[in-house]
Amino acid sequence: MSIFENLTENSLLKLLQRKAGTYLFNRNYTVKRLLNVARSVYYYRYSKHSVVKSKPVRMVIDAGNICQLKCPLCPTGLERPTRQKSLLKFEDFKKIIDEAGSYLCEVDLYNWGEPFLNPDIFKMIGYAKKMGIKVTISSNLNLIKEGWIEEMIQLKLDHLTVSLDGTSAKSYEKYRIGGNFNTVLSNLKKIVALKRQYKSKYPKITWQFLIMKHNEHEMEEAKRLSKEIGVDELHLRPVRCDMGMELLMNDAEKIESAKAWLPTQDKHSRYNYKTKAKKNPLSKCLFQTTTMVVNANGSVSPCCGVYDEKWDLGNALKDGVFNVWNNPKYQQARKAVLEKDTSDENLICSYCIKNGFLEY
């Protein structure tokens with residue numbers, strides 16, 4: 001499941017603003033991290049420069065764009081050939097963290113695939129945690145082997161988001177094709193139970209429920225069940241359209257392309273069905289100044305919603321994280337966003353602005 005499913009300006013800005021407080025009162029606080037957060041806030045809020053002198057405060061490092069499910073609105077599930085399938089190697093993850101880790105507050109070890117399919121996932125979690133970095137994972141939770149839950153708890157994985165779109169097998173399995181509702185529910189309950197047994201607050205568990213036409217009637221039951229199970233929070237989020245194509249479509253095209261899945265009730269959708277427009281377009285792009293998105297082969301995407309390789313800005317493994325961060329392509333992307341320029345057809349950012357994801 002892509003991070004793009006969760007993307008809102010408020011959530012991203014709150015994430016950034018939380019960092020200073022989180023690390024100021026956290027045993028992993030360092031002056032370097034705190035100063036970097038402050039610089040990042042400045043560049044996001046006030047700077048008009050295409051060169052950013054702060055470092056990423058957060059990295060999305062995809063453990064692999066491979067998944068056992070076939071979700072109809074996901075480019076991985078649709079098996080789009082526009083990005084090479086790969087799993088992140090531990091040695092490559094270590095190389096990235098060794099370069100950038102002292103500045104990072106958070107690493108999200110997922111984007112376009114199922115992270116628990118990567119055999120090195122726990123080594124990566126452990127290495128980042130030793131560096132004092134918050135680690136988050138999002139999973140469809142269909143694959144949990146014996147001992148994995150204990151390892152999550154012992155490594156103090158900070159946050160686990162579980163994709164569970166429904167309170168019945170019929171609803172869940174309509175969209176999460178290849179998934180098993182009972183398996184996910186059972187694994188979720190086991191994690192909560194073992195957290196209690198070990199008296200651990202790790203990992204914080206979010207049940208994510210994407211609201212769609214076929215499951216919106218189960219929202220109230222999800223609220224009840226989430227309390228019964230004991231997850232830390234339930235996120236009821238409107239489904240997006242095709243996540244691999246979203247930035248290339250205007251709002252009317254998005255609505256049309258996803259009409260089989262969008263909620264019937266306008267209040268449950270991210271789109272206004274009468275005006276055929278997104279309800280809350282972003283006013284700024286947080287990714288350009290605070291967050292780097294690295295794919296499993298080291299290539300760097302402009303944001304977590306960009307699937308196709310042709311839009312990549314460089315390669316963190318070949319060129320180095322910080323060399324990519326301010327290379328000419330990154331500068332062009334920032335300049336386009338700052339000036340709301342839609343003229344460069346070689347930048348996905350131009351389409352993002354033109355198609356209404358960012359406000360003019």
Side-chain angles (χ1 to χ4, degrees), residues 1-3 61-71 74 76-77 85-94 97 107-131 133-169 172-173 175-209 222 225-235 296:
M1 175 192 57
S2 174
I3 288 173
I61 306 178
D62 200 355
N65 61 330
I66 296 172
C67 186
Q68 72 274 56
L69 306 190
K70 305 295 180 185
C71 303
C74 174
T76 306
K85 298 292 185 185
S86 56
L87 290 174
L88 179 66
K89 298 175 183 177
F90 174 72
E91 292 76 15
D92 291 339
F93 176 77
K94 183 178 181 297
I97 296 299
V107 167
D108 300 338
L109 270 171
Y110 69 98
N111 195 21
W112 294 115
E114 168 51 52
F116 287 122
L117 290 177
N118 190 314
D120 290 332
I121 192 65
F122 290 106
K123 288 175 68 176
M124 295 176 197
I125 295 169
Y127 193 75
K129 291 293 294 182
K130 285 180 181 178
M131 293 280 286
I133 303 168
K134 177 182 177 181
V135 181
T136 72
I137 277 183
S138 180
S139 171
N140 61 52
L141 217 64
N142 277 273
L143 176 66
I144 294 292
K145 294 183 179 179
E146 185 176 353
W148 281 11
I149 299 174
E150 288 89 345
E151 197 160 2
M152 281 186 227
I153 295 170
Q154 290 166 2
L155 289 172
K156 296 185 178 179
L157 172 66
D158 293 274
H159 197 166
L160 174 67
T161 296
V162 178
S163 299
L164 183 57
D165 315 310
T167 59
S168 66
Y172 170 79
E173 293 168 16
Y175 179 75
R176 301 287 173 179
I177 297 171
N180 185 291
F181 172 77
N182 291 323
T183 297
V184 178
L185 194 63
S186 174
N187 286 334
L188 182 57
K189 290 178 178 178
K190 287 177 184 177
I191 296 172
V192 173
L194 275 174
K195 275 183 63 180
R196 289 173 178 164
Q197 179 180 321
Y198 286 103
K199 298 180 180 179
S200 174
K201 64 179 182 180
Y202 299 102
K204 179 180 179 181
I205 301 172
T206 297
W207 172 355
Q208 179 168 271
F209 182 115
L225 188 57
S226 67
K227 292 178 181 178
E228 178 184 300
I229 295 172
V231 299
D232 295 291
E233 56 188 5
L234 170 69
H235 285 177

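We're numbering straight along the sequence, starting at 1.
Thr161 is not listed as a side-chain neighbour of Thr136, based on a closest heavy-atom distance of 4.5 Å or more. Residues Leu225 and Trp207 meet the side-chain proximity criterion, which asks for heavy atoms closer than 4.5 Å. In this structure, the side chains of Ile137 and Ile125 come closer than 4.5 Å at one or more pairs of heavy atoms. Residues Lys190 and Ile144 have side chains not in contact (no heavy-atom distance under 4.5 Å, counting atoms from C-beta outward). By the 4.5 Å heavy-atom criterion applied to side chains, Ile205 and Ile229 are not counted as neighbours. The shortest distance between side-chain heavy atoms of Tyr202 and Leu155 does not fall below 4.5 Å. In this structure, Phe90 and Lys94 have side chains that are in contact, with non-hydrogen atoms separated by less than 4.5 Å. Using a 4.5 Å cut-off on side-chain heavy atoms (C-beta onward), Leu143 and Glu114 make no contact.
For Lys195 (side chain) and Pro203 (main-chain N/O), a donor-acceptor pair under 3.5 Å exists by modelled atom type. Of the possible polar contacts, none joining the Gln68 side chain to the Gly178 backbone as a donor-acceptor pair under 3.5 Å is found. At least one donor-acceptor pair under 3.5 Å links the side chain of Asp62 to the backbone N or O of Trp112. No donor-acceptor pair closer than 3.5 Å links the side chain of Thr206 to the backbone N or O of Gln208. Here the side chain of Lys156 pairs no donor or acceptor atom with the backbone of Lys129 at under 3.5 angstrom. A side-chain donor-acceptor contact under 3.5 Å links Asn118 to the backbone of Asp120. A donor-acceptor pair is defined here as one N or O able to donate and one able to accept, closer than 3.5 Å; such a pair exists between the side chain of Asp158 and the backbone of Val135.
Partners of Lys85 according to the salt bridge (charged side-chain N to carboxylate O under 4.0 Å, His left out) rule, which considers only residues two or more places apart in sequence or in another chain, do not exist here. By the salt bridge (charged side-chain N to carboxylate O under 4.0 Å, His left out) test, Glu233 is found to be paired with Lys204, residues two or more places apart in sequence or in another chain being considered. Annotation: side chain to side chain contact (heavy atoms under 4.5 Å, CB included) contacts of Glu150 (sequence neighbours excluded): Gln154, Leu194, Tyr198.
Smallest separation of non-hydrogen atoms from Val192 and Gly230: CG1-O, 3.9 Å. Residues Phe122 and Met152 share a closest heavy-atom pair of CE2-CG, 3.9 Å. Pairing each heavy atom of Asn180 with each of Glu173, the nearest pair is CA-OE2, 3.6 Å. Of all the heavy atoms in Phe209 and Gly166, the pair that sits closest is CE1-N, 3.3 Å.
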Evaluate the criterion side-chain contact (heavy atoms from CB on, under 4.5 Å) for residue pair Leu109 and Ile121; output intermediate values, then yes/no. CA-CA 8 Å; Leu109 270 171; Ile121 192 65; 4.1 Å; yes
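Aromatic ring pairs are classed by plane angle as parallel below 30°, tilted from 30° to 60° and perpendicular above 60°; the pair Tyr172 and Phe181 is tilted.
Atoms CD1 and CD1, on Ile191 and Ile149 in that order, are 5.0 Å from each other to the nearest 0.5 Å. Atom CG in Asn187 sits 11.0 Å away from atom CG in Asn182 (nearest 0.5 Å). With rounding to the nearest 0.5 Å, the separation of OG in Ser163 from OH in Tyr175 is 9.0 Å. Note that the CD1 atom of Ile66 and the OG atom of Ser86 stand 6.5 Å from one another [nearest 0.5 Å]. Here CH2 of Trp148 is found 7.0 Å from CZ of Phe116. Values are rounded to the nearest 0.5 Å. Separating the CD atom in Glu151 from the CD atom in Glu146 is a distance of 12.5 Å, to the nearest 0.5 Å.
Of the N and O atoms on the side chains of Thr76 and Asn65, not one donor lies less than 3.5 Å from an acceptor on the other residue.
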